Amino acid sequence: MAIFIDSGNIKEIEKFLRMGILRGVTTNPTILLKDGIKGGLDEVRTQAVEIARLIYPCPLSIEVTTNQKNKMMAQAREFVRWADNIVVKVTIHGPDGELENLEVIHALEEKYDVRVNVTAMMSAQQCFLAAMAGATYVSLFCGRVNNMGYNCIEEIRKTRKLIDEYNLKAKIIAASTREILNVVEWLTAGAHIVTIVPKFLDGMIIHPYTKETVKQFLADAAKAEELTVEDLASRAQKLELSRV
Ligand code: E4P
């Protein structure tokens with residue numbers, strides 16, 4: 001799995017898809033707003049259907065836009081009708097710590113066969129409970145954890161240990177990337193997946209010393225092409241002599 005892209009932008013998704021380095025897409029209401037999706041659920045649906053088709057069979061996470069229990073259930077069940085590869089994002093609890101969310105998550109996974117990505121989590125203990133409730137993905141907001149002054153690496157390690165030890169199906173998505181180095185750092189700490197913003201993917205690929213090296217190769221290849229037929233003949237002759 002390894003790399004998901006944290007974006008609702010079709011052009012960005014297509015670009016990295018063509019390179020063969022994407023295994024999924026995550027979005028949230030903030031990302032979709034930033035990417036210009038402003039027409040309510042109708043526009044979310046149009047965009048989601050397009051992305052889901054593009055990346056099929058890789059998963060696309062779409063987040064519910066309400067925290068009312070019945071409405072979350074209804075939205076989640078509607079989202080998965082849009083495409084087979086849609087995963088529904090539900091936050092671990094509501095804006096004031098409302099606890100119904102875990103009931104919703106459990107019912108969606110176990111009763112309605114909906115894949116859930118439990119999101120906005122800041123600790124291993126939250127991830128563990130979401131995984132116990134049956135979540136397919138647990139999203140740990142590593143960048144935000146670090147921003148609060150805690151070390152997300154410890155939370156990733158603890159989450160992975162618990163998931164493995166209790167044989168839970170959940171996969172850890174390390175989210176909220178803040179720097180290029182987060183990707184390898186978080187994957188090697190035990191995350192199954194890092195969801196990364198597009199600009200950091202560019203940054204992971206490009207290296208100044210690689211640029212310099214490629215320039216040297218191309219310049220030397222051009223020089224080699226400038227050799228005359230006589231140069232090549234004399235080289236061949238020298239080679240022949242050296243073998244005798
Ligand atoms: C993950 O699924 C979220 O969409 C995302 O990574 C949140 O990142 P942020 O903390 O930059 O908002």
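Atoms within a ligand are numbered from 1 in the order they appear, just like the ligands themselves. Model, not experiment: these values are computed from the prediction.
- Of the possible polar contacts, none joining the Thr177 side chain to the Glu179 backbone as a donor-acceptor pair under 3.5 Å is found.
- The residue from Val118, Ile193, Thr119, Thr26 that alone fulfils the side-chain contact (heavy atoms from CB on, under 4.5 Å) condition with Tyr137 is Ile193.
- In terms of polar-atom proximity, defined here as any N/O pair under 3.5 Å, Thr195 makes no such contact with ligand 1.
- Between the side chain of Asn117 and the backbone N or O of Ser61 there is no donor-acceptor pair closer than 3.5 Å.
- Only the side chain of Ile31 comes within 4.0 Å of ligand 1, judged by heavy-atom distances.
- Checked by distance only, ligand 1 and Ser176 come closer than 3.5 Å through their nitrogen or oxygen atoms.
- Between the side chain of Lys89 and the backbone N or O of Thr27, at least one donor-acceptor pair lies under 3.5 Å.
- Ligand 1 has an N or O atom lying under 3.5 Å from an N or O atom of Arg178, backbone or side chain.
- Distance alone, capped at 3.5 Å, is enough to place a donor-acceptor pair between the Asn85 side chain and the Ala52 backbone.
- Geometrically, ligand 1 and Arg144 share a nitrogen or oxygen pair separated by less than 3.5 Å.
- In terms of protein heavy atoms, atom 4 (O) of ligand 1 is closest to Asn28 ND2, 2.8 Å.
- Protein heavy atom closest to atom 2 (O) of ligand 1, with residue, atom name and distance, is Lys89 NZ, 2.6 Å.
- With respect to the salt-bridge test (charged N to carboxylate O, under 4.0 angstrom), the residues Glu12 and Lys199 do not qualify.
- Shortest contact from atom 5 (C) of ligand 1 to any protein heavy atom: Asp6 OD2, 2.9 Å.
- Salt bridge present: Asp202 and Lys15 bring a charged side-chain N and a carboxylate O closer than 4.0 Å.
- When the heavy-atom distances from atom 1 (C) of ligand 1 to Ala174, Ala120, Ser139, Ala175 are ranked, the shortest goes to Ala175.
- Residue contacts with ligand 1 do not include Glu63, since none of its heavy atoms lies under 4.0 Å from the ligand.
- A distance-only check finds a donor-acceptor pair linking the side chain of Glu98 to the backbone of Asp96 [under 3.5 Å].
- Not a single heavy atom of Thr30 sits less than 4.0 Å from an atom of ligand 1.
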